[in-house]
Amino acid sequence: MGITVLYLFIFAFASIFKRSNRPGKAKKQYRYAVLYPAYKEDKVILSSVSTFLKQDYPSALFDVVVISDQMTDETNEQLKQAGATVLKANYKDSSKAKALQLAMNSLDENKYDVVVIMDGDNLVDPDFLERINNQYDAGCIAIQGHRMAKNRNTSTALLDAVSEEMNNSIFRKGHVRLGFSSALIGSGMAFQYQWFKKNIFKASTAGEDKELEALLLKQRIHIEYLEDANVYDEKIPKDAAFYNQRRRWLAANYGILTQALPELPKALFSGNWDYCDKIFQWMMLPRIILLGAIGFFALLVTLYDWTLSIKWWSLLLFLIITLCIAVPRYLVNKDLARAIIKIPKLGILMFLNLFRLRGVNKKFIHTDHSNH
């Protein structure tokens with residue numbers, strides 16, 4: 001637990017420093033295929049697509065492609081009228097990986113240079129593609145944008161937003177600052193088209209982003225984090241949805257860990273430190289469970305012998321300071337102070353999820369979205 005807290009602190013602390021090597025203006029404008037895998041996303045997909053089509057980037061150089069899975073004909077027609085290409089899903093069992101594979105089988109590979117992956121509820125700023133283009137032109141073939149909350153309307157949604165930004169600080173911004181690859185997050189991602197087409201067919205689980213991450217790092221391809229390319233993602237407003245979503249995420253995390261762990265010795269001996277770092281990340285307990293576990297042992301040891309508990313209370317304080325460093329200032333307000341009392345409940349839900357992971361990584365668990 002001490003090693004994990006120290007690891008989190010190092011990257012959280014690194015994230016507070018400004019970046020010096022920002023990419024300049026691109027010399028070339030590349031062609032983009034923007035993919036929206038959309039499973040029953042009738043409530044939000046039209047708004048997301050319409051927003052993306054307003055990019056400050058030549059419209060002739062990007063196509064928005066919606067992979068429509070169990071959406072109504074009315075929604076599909078509205079998407080076409082808005083200017084999107086609609087591909088109707090023709091597979092039996094729904095999954096994001098299958099949707100992306102369908103798109104790769106359907107599109108003309110000679111037409112595009114870069115593929116961008118979005119979720120059905122994602123919104124972006126008008127300069128999103130331009131910023132991606134600048135980074136891609138600088139030589140990066142795998143880029144993760146800055147995903148952040150588009151809603152903080154409940155305590156659960158607010159804590160979800162805080163968790164996302166902690167991940168951005170520690171596993172993306174802090175990592176890139178110290179020369180490591182950014183973690184992927186499932187949307188707001190961009191890849192060289194040919195690399196993506198070759199590798200997406202190797203993804204077979206509900207954690208396709210983690211599978212892509214492993215493939216990139218094994219191939220020693222650096223994943224860049226573009227903190228000013230904002231992607232607005234709907235946060236979970238209800239506890240039940242939070243429970244199901246985190247169960248899927250935990251299953252994906254430990255599913256990829258079982259595949260990657262036997263490769264750790266090879267990564268160590270070959271000096272692939274990016275991949276070693278990623279495997280260690282996948283081994284760590286979720287922060288909310290780590291927080292609860294350290295607090296539990298601190299109380300337990302205090303009851304036995306308070307002098308022995310000093311190290312546990314010190315570790316708990318160190319972890320809290322680390323997490324505070326990782327939270328951006330715009331999220332620190334009275335609403336967050338009120339939401340903190342809900343952390344124990346969400347921690348218990350996360351802990352219970354550890355016992356309900358069997359088979360989840362092969363299932364598609366949909367998170368329902370509403371139009372905020």
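Numbers here simply count residues along the sequence, with the first being 1.
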* Within a reach of under 6.0 Å around CZ of Phe296, are more than 12 heavy atoms found that belong to other residues, nucleotides or ligands? -> no
* Derivation of the side-chain contact (heavy atoms from CB on, under 4.5 Å) call for Trp282 and Glu213 -> CA-CA 12 Å; Trp282 291 331; Glu213 209 172 353; 4.2 Å; yes
* Enclosure of Leu303 CG (heavy-atom neighbours >12, cutoff 6.0 Å) -> yes
* To do: Would you kindly say whether Asn168 and Glu165 are connected by a side-chain donor-acceptor distance under 3.5 Å?
  => yes
* Glu211 side chain to Ser204 backbone, donor-acceptor under 3.5 Å -> yes
* Asked: Are the side chain of Ser309 and the backbone of Trp312 linked by a donor-acceptor contact shorter than 3.5 Å?
  -> no
* **Leu264 backbone acceptor or donor facing Asn272 side chain under 3.5 Å** => no
* **Minimum heavy-atom distance between Val116 and Ala190, given as atom pair plus value** => CG2-CB, 4.1 Å
* Heavy-atom donor-acceptor pair, Ser47 side chain to Val44 backbone, under 3.5 Å -> no
* Asked: Among side-chain atoms of Lys278 and Gln281, is any donor-acceptor pair under 3.5 angstrom?
  -> yes
* Asked: Crowded around Tyr330 OH? As in, over 12 foreign heavy atoms under 6.0 Å?
  -> yes
* To do: Would you check if there is a donor-acceptor pair between the side chains of Arg287 and Thr322 at a distance under 3.5 Å?
  => no
* To do: Quick one: sort the His175 and Phe171 rings into parallel, tilted or perpendicular, breaks at 30° and 60°.
  => tilted
* Test item: Gln144 side-chain N/O and Ser187 main-chain N/O as donor-acceptor pair under 3.5 Å -> yes
* Asked: Is the backbone N or O of Phe11 less than 3.5 Å from a side-chain atom of Arg177, with the two atoms forming a donor-acceptor pair by type?
  -> no
* Salt bridge check: are Asp42 and Lys40 linked by an N-O gap of less than 4.0 Å? -> no
* **Ser182 side chain to Ile223 backbone, donor-acceptor under 3.5 Å** => no
* Arg172/Glu227 salt bridge by N-O under 4.0 Å criterion -> no
* State plainly whether one hydrophobic cluster holds both Ile3 and Phe297, where clusters connect Ile, Leu, Val, Met, Phe, Trp and Tyr through side-chain heavy atoms under 4.5 angstrom apart. => yes
* Asked: Taking the side chain from Gln55 and the backbone from Asp125, do they hold a donor-acceptor pair closer than 3.5 Å?
  -> yes
* For atom NZ of Lys202, is the number of surrounding heavy atoms from other residues, nucleotides or ligands below 6.0 Å larger than 12? -> yes
* Crowding at CZ, Phe13 (>12 non-hydrogen neighbours, <6.0 Å) -> no
* Asked: Do Asp119 side-chain atoms and Asp121 backbone N/O form a donor-acceptor pair below 3.5 Å?
  -> no
* **Donor-acceptor pair, side chain of Arg131 and main chain of Asp228, under 3.5 angstrom** => yes
* Name the orientation class of the two ring planes belonging to Tyr136 and Tyr30 (parallel below 30°, tilted from 30 to 60°, perpendicular beyond 60°). => perpendicular
